[in-house]
Amino acid sequence: MADGPLSERLITGFDAMSEQFQLAARYIIDQPHDVALLSMRDQARLAGVQPATMTRLAKHLGLTGYDELREIYADAVRSGDVGFAGKADVQAIAQKRKGDHGLAREILRAQAAEIVHLAESQLDAIVSTARRLAAAKCIYCVGLRSSHATAWHLHYILSMIREKSVMLDAVGGTGSDALARASRNDVLFATSVFPYTRVTVEIAEYAHRHGIPIVAITDSEVAPLARVADDVILVQTKSPSFFHTMTPAFAVAEVLGALIAGQGADAARESLLWFDAHLADFSTHLRSRTWTKKARSSRSTSPTKKIDGKGRKAMPAVPERSSSETTAEKPLPASK
């Protein structure tokens with residue numbers, strides 16, 4: 001997260017840096033607490049560079065060396081200028097494992113802290129993103145590999161409350177083809193975290209070149225998606241596990257879905273009534289809920305334009321059935 005004392009300078013000069021400098025700069029931007037607390041050698045190892053690179057980067061910024069850079073960040077931590085949630089409980093790097101129970105507890109607590117951090121630092125970005133998505137004519141969703149679940153979850157929520165959501169994950173490598181129909185009235189929702197999936201970045205760059213608005217969930221101010229997106233939500237992915245956590249990104253998708261539904265409450269309610277009735281028609285769930293029965297009734301009694309003279313609204317894109325088919329079915333509950 002870009003809240004360290006030198007983050008703004010690093011982000012501004014990031015594109016002009018060498019690849020090694022970019023790796024070191026990204027680490028300093030994303031881990032300001034660790035810059036203050038860890039040795040230069042440990043930081044270089046975590047950044048994936050040689051210790052000399054850290055020193056050269058510090059001198060590139062006009063400092064005498066990396067010790068001066070660390071002191072600047074230590075002063076920021078002591079004065080409270082680095083705004084990570086829970087700064088008094090900095091997560092240890094390379095922590096010794098303390099058994100299955102201890103590791104499980106540590107992972108869960110880290111995930112909870114990261115979601116709290118979202119509530120403290122990303123609310124404006126989340127609300128802005130939700131408003132842009134709610135106003136879009138069509139939303140194209142893309143997220144691959146570990147980010148696929150995040151993109152799919154938002155797409156699934158959107159498919160329940162509105163018609164126009166397209167998941168760019170078709171088989172045979174044709175997923176991006178649907179984006180050829182996108183316009184400036186649509187929005188691309190893209191999500192990817194380090195080390196970033198190439199196809200996702202290429203789709204976002206295509207949308208950017210064609211003037212299609214982009215919203216992104218990613219993990220750094222200098223991530224590829226952050227450079228082309230109109231709205232960016234930053235999530236933390238650090239975890240005691242060997243695998244980066246996707247829990248914060250998944251949580252953001254759920255929040256976005258809820259906000260979008262709330263901003264179009266009447267239309268969302270109507271769509272959800274029909275969605276529940278559709279699930280009931282196909283006995284989708286093992287245990288039918290009282291709500292699905294009410295959905296059938298609400299579908300027939302909700303105020304709609306008269307289409308057949310009886311106040312009923314036909315299900316879209318469903319062919320008429322023969323009299324033999326309809327008489328064989330159990331009738332819907334009568335309207336009250």
What pair of heavy atoms forms the shortest contact from [X] to [Y], and how long is it?
{"X": "P32", "Y": "I29", "answer": "CD-O, 3.6 Å"}
{"X": "A151", "Y": "V142", "answer": "CB-C, 3.7 Å"}
{"X": "A25", "Y": "L57", "answer": "N-CD2, 3.7 Å"}
{"X": "L168", "Y": "A178", "answer": "CD2-CB, 3.9 Å"}
{"X": "R184", "Y": "G211", "answer": "CG-O, 3.4 Å"}
{"X": "S7", "Y": "Y73", "answer": "N-OH, 3.9 Å"}

(Q) Listing request: all salt bridge (charged side-chain N to carboxylate O under 4.0 Å, His left out) pairs with a residue in residues 11-20, at least two apart in sequence or in separate chains. (A) D15-R227
Heavy-atom distance under 4.5 Å between the side chains of [X] and [Y], does that happen here?
{"X": "Y140", "Y": "R181", "result": "yes"}
{"X": "F21", "Y": "R56", "result": "yes"}
{"X": "L6", "Y": "L63", "result": "yes"}
{"X": "K164", "Y": "D186", "result": "no"}
{"X": "T191", "Y": "V235", "result": "no"}

How long is the gap from [atom1] on [X] to [atom2] on [Y], to the nearest 0.5 Å?
{"X": "T197", "Y": "R145", "atom1": "OG1", "atom2": "CZ", "answer": "6.0 Å"}
{"X": "T55", "Y": "L69", "atom1": "OG1", "atom2": "CG", "answer": "10.0 Å"}
{"X": "R70", "Y": "Q43", "atom1": "CZ", "atom2": "CD", "answer": "6.0 Å"}
{"X": "E221", "Y": "E8", "atom1": "CD", "atom2": "CD", "answer": "10.0 Å"}
{"X": "E114", "Y": "T237", "atom1": "CD", "atom2": "OG1", "answer": "7.5 Å"}
{"X": "H155", "Y": "D169", "atom1": "NE2", "atom2": "CG", "answer": "7.5 Å"}

Q | Residues that F194 engages under ring-ring contact (aromatic ring centres under 6.0 Å, His included), provided they are two or more places apart | A | Y196
In one Ile/Leu/Val/Met/Phe/Trp/Tyr side-chain cluster, 4.5 Å: [X], [Y]:
{"X": "L118", "Y": "L108", "answer": "no"}
{"X": "V252", "Y": "I115", "answer": "no"}
{"X": "F250", "Y": "L256", "answer": "no"}
{"X": "L154", "Y": "L225", "answer": "no"}
{"X": "M54", "Y": "L38", "answer": "yes"}

Q) Do other residues, nucleotides or ligands put more than 12 heavy atoms under 6.0 Å from the CD atom of E68? A) yes
Q) Does a sphere of radius 6.0 Å around NE2 in H148 hold more than 12 heavy atoms from other residues, nucleotides or ligands, not counting ones at 6.0 Å or beyond? A) yes
(Q) Strictly distance-based, threshold 3.5 Å: is any side-chain N or O of Q111 a donor or acceptor partner for the main-chain N or O of P248? (A) no
Q) Between the side chain of D230 and the main-chain N/O of V215, is any donor-acceptor distance below 3.5 Å? A) no
Q. Out of D219, I11, L10, which one pairs with R26 under the side chain to side chain contact (heavy atoms under 4.5 Å, CB included) rule?
A. D219
(Q) Go through it in stages, so that I can follow the logic: the residues are V193 and M246, the test is side-chain contact (heavy atoms from CB on, under 4.5 Å), and I'd like the CA-CA distance, side-chain angles, deciding distance and then a yes or no. (A) CA-CA 9 Å; V193 299; M246 298 304 299; 3.9 Å; yes
Using residues 123-136 as the side-chain source, report each donor-acceptor pair under 3.5 Å to any protein atom, sequence neighbours left out, with the distance given to one decimal.
residue: S128; atom: OG; partner: D231; partner atom: OD1; Å: 2.7
residue: T129; atom: OG1; partner: A125; partner atom: O; Å: 2.8
residue: R132; atom: NE; partner: D231; partner atom: OD2; Å: 2.5
residue: R132; atom: NH2; partner: D231; partner atom: OD2; Å: 3.2

